[in-house]
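Before any comments, here is the structure.
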Amino acid sequence: MLDGEISAAGPNMRDGQNGLNELNGQQHSQLPYGAQSAGNASAPTRYTDPELDDLTERELEVLIEIAHGLSNQEIADKLFISLPTVKTHVAHILAKINARDRVQAVVFAYENGLIEA
């Protein structure tokens, strides 16, 4: 950028650093869809799949560990359960959330706020 361009871009760059964007003379928030700004007094909207309610507490624990990238053996060791029990939980999780594989289960966990990016 040239010196003249920097001074002209300065105010817009400051707005961008504050999470705002000027578009057609209006300011628009750059928050993700469904998120609300901290200035809003109400709680943020949380979108969850109804399948989440079908999971048991233990299945949720296993799903969270899957999303953290743990193997079945690592999950078994961490939760103090046997490897066959973990495999059973994984099978039940995949069936309940209609996931084809562990990758889809991880996506499900992130999309439903079980894990924060």
*Okay, side chain of Glu59, backbone of Leu55: is any donor-acceptor separation there less than 3.5 Å?*
no

*Exercise: identify the closest heavy-atom pair between Asp54 and Lys96*: O-NZ, 3.1 Å

*Hey, could you give me the CD/CG distance between Gln104 and Asn98, rounded to the nearest 0.5 Å?*
9.5 Å

_Quick check on Glu57: does its CD atom have over 12 non-hydrogen neighbours (other residues, nucleotides or ligands) under 6.0 Å away?_
no

*Of the non-hydrogen atoms in Leu94 and Ala105, which two are nearest, and what is the gap between them?*
CD2-CB, 3.9 Å

*Rounded to the nearest 0.5 Å, how far does OG1 of Thr48 lie from CG of Asp53?*
6.5 Å

*Which atoms form the tightest heavy-atom contact between Glu61 and Leu79, and what is the distance?*
CB-CD1, 4.3 Å

*Without swapping roles, check the side chain of Asp49 against the backbone of Glu51 for a donor-acceptor pair under 3.5 Å.*
no

*Begin from the C-alpha positions of Leu52 and Phe108 and carry the test side-chain contact (heavy atoms from CB on, under 4.5 Å) through to its verdict.*
CA-CA 9 Å; Leu52 192 60; Phe108 178 89; 3.8 Å; yes

_Walk me through whether Arg102 and Asn72 qualify under side-chain contact (heavy atoms from CB on, under 4.5 Å)._
CA-CA 11 Å; Arg102 290 170 79 102; Asn72 287 347; 2.6 Å; yes

*Do Val90 and Ile115 sit in the same hydrophobic cluster, where Ile, Leu, Val, Met, Phe, Trp and Tyr count as joined when their side-chain heavy atoms come under 4.5 Å apart?*
yes

_Working note: Leu60 + Leu114, criterion side-chain contact (heavy atoms from CB on, under 4.5 Å); need CA distance, chi angles, decisive distance, verdict._
CA-CA 9 Å; Leu60 282 173; Leu114 298 177; 4.1 Å; yes

Residues 63-71, side-chain donor-acceptor partners within the protein, below 3.5 Å, at least two apart:
{"from": "Glu65", "atom 1": "OE1", "to": "Lys78", "atom 2": "NZ", "distance (Å)": "3.3"}
{"from": "Glu65", "atom 1": "OE2", "to": "Lys78", "atom 2": "NZ", "distance (Å)": "3.4"}
{"from": "His68", "atom 1": "ND1", "to": "Ile64", "atom 2": "O", "distance (Å)": "3.2"}
{"from": "Ser71", "atom 1": "OG", "to": "Glu74", "atom 2": "N", "distance (Å)": "3.1"}
{"from": "Ser71", "atom 1": "OG", "to": "Glu74", "atom 2": "OE1", "distance (Å)": "3.3"}

*Please answer: with hydrophobic residues joined when any side-chain heavy atoms are less than 4.5 Å apart, are Tyr110 and Ile75 in the same cluster?*
yes

*Take Thr85 and Thr88 through the test side-chain hydrogen bond (donor to acceptor under 3.5 Å, both in side chains) and record every step on the way to the result.*
CA-CA 5 Å; Thr85 301; Thr88 299; 5.9 Å; no

